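Shown next, in structure tokens, is the structure this report addresses.
Values reported hereafter were calculated over all heavy atoms of this structure, with side chains retained and with hydrogens, waters and symmetry mates removed. Residue numbers run from 1 in the order of the sequence given. Remember, it's a predicted structure, so these values are computed and weren't measured experimentally.
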Amino acid sequence: MMPGIRITWTLAGSGWADCTLEDHQEKVELTASYISNAPEEFLNAVARLVAGEAETRAQFEAEPTAYRWIFYREGEDTWIRVLELRDGSDHDNKGAEIWSSQLGVDQLGLVRAISEATAPNTMNLVTEGLAE
């Protein structure tokens, strides 16, 4: 299987969404408040990274827990880390890394948002390498 990532965002209840993140090596499940702008923040962070920024961030609030996405770029290589923090205002060094991956910037550039007509409360983000 080619490297890639898949992120599934599903509305789970009043104000909450379940997020599953997986690549060819591991899978994690996160919870996030959809009252925040987490999906938009995530997509903006990826877009800025692809456009050339060396480091971008996004955060999913799980109140009080937070999941911080840290994206790094060096040349054509990118690294993604997801930290679980007890509180969203905590410094990175207080978080536990729960997932990480490395991709080519071209793979992140191909991230596409898919709205499924049969599941309007679901959003899938898939890089080219993991598509079935």
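Heavy atoms only, all atoms of each residue included: A12 and D18 are closest at CB-OD2, 3.3 Å. Nearest heavy-atom pair, A66 versus G88, reported as atom, atom and distance to 0.1 Å: CB-CA, 3.5 Å.
In this structure a side-chain-to-backbone donor-acceptor pair under 3.5 Å is missing from R68 to E84. In this structure, R81 contributes its side chain and S100 its backbone to no donor-acceptor pair below 3.5 Å. At least one donor-acceptor pair closer than 3.5 Å links the side chain of T78 to the backbone N or O of L103.
W99 and V46 end up in the same hydrophobic cluster when Ile, Leu, Val, Met, Phe, Trp and Tyr side chains are linked at under 4.5 Å. Hydrophobic cluster membership is shared by Y67 and L43, with clusters built from Ile, Leu, Val, Met, Phe, Trp and Tyr side chains linked at under 4.5 angstrom. Residues L11 and I7 are members of one and the same hydrophobic cluster, defined by side-chain heavy-atom contacts under 4.5 angstrom among Ile, Leu, Val, Met, Phe, Trp and Tyr.
Taking the six-membered ring where the residue is Trp, the centroids of W9 and F60 are separated by under 6.0 Å. Ring to ring, F42 and W69 are close: their centroids are under 6.0 angstrom apart.
Interatomic distance, W16 CH2 to E61 CD, rounded to the nearest 0.5 Å: 9.0 Å.
At least one side-chain heavy atom of Q59 sits under 4.5 Å from a side-chain heavy atom of E41. At least one side-chain heavy atom of K27 sits under 4.5 Å from a side-chain heavy atom of T20. R6 has its side chain within reach of T8: a pair of non-hydrogen atoms, C-beta onward, lies under 4.5 Å apart. Under the 4.5 Å side-chain criterion, counting only non-hydrogen atoms from C-beta, I70 is not in contact with V82. Counting only heavy atoms from C-beta outward, the side chains of W79 and E55 never approach each other to under 4.5 Å.
For S101 and D23, the side-chain atoms include at least one donor-acceptor pair closer than 3.5 Å.
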inquiry  = Could you go through V105 and R73, starting from their C-alpha distance and side-chain angles, then the distance that decides it, and tell me whether this counts as side chain to side chain contact (heavy atoms under 4.5 Å, CB included)?
reply    = CA-CA 8 Å; V105 74; R73 177 178 178 173; 3.6 Å; yes
Residues I98, L30; criterion side chain to side chain contact (heavy atoms under 4.5 Å, CB included); working and verdict = CA-CA 10 Å; I98 60 169; L30 319 172; 3.4 Å; yes
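Here the options are L83, L49, D92, the test is side-chain contact (heavy atoms from CB on, under 4.5 Å), and the partner is R57; only D92 passes.
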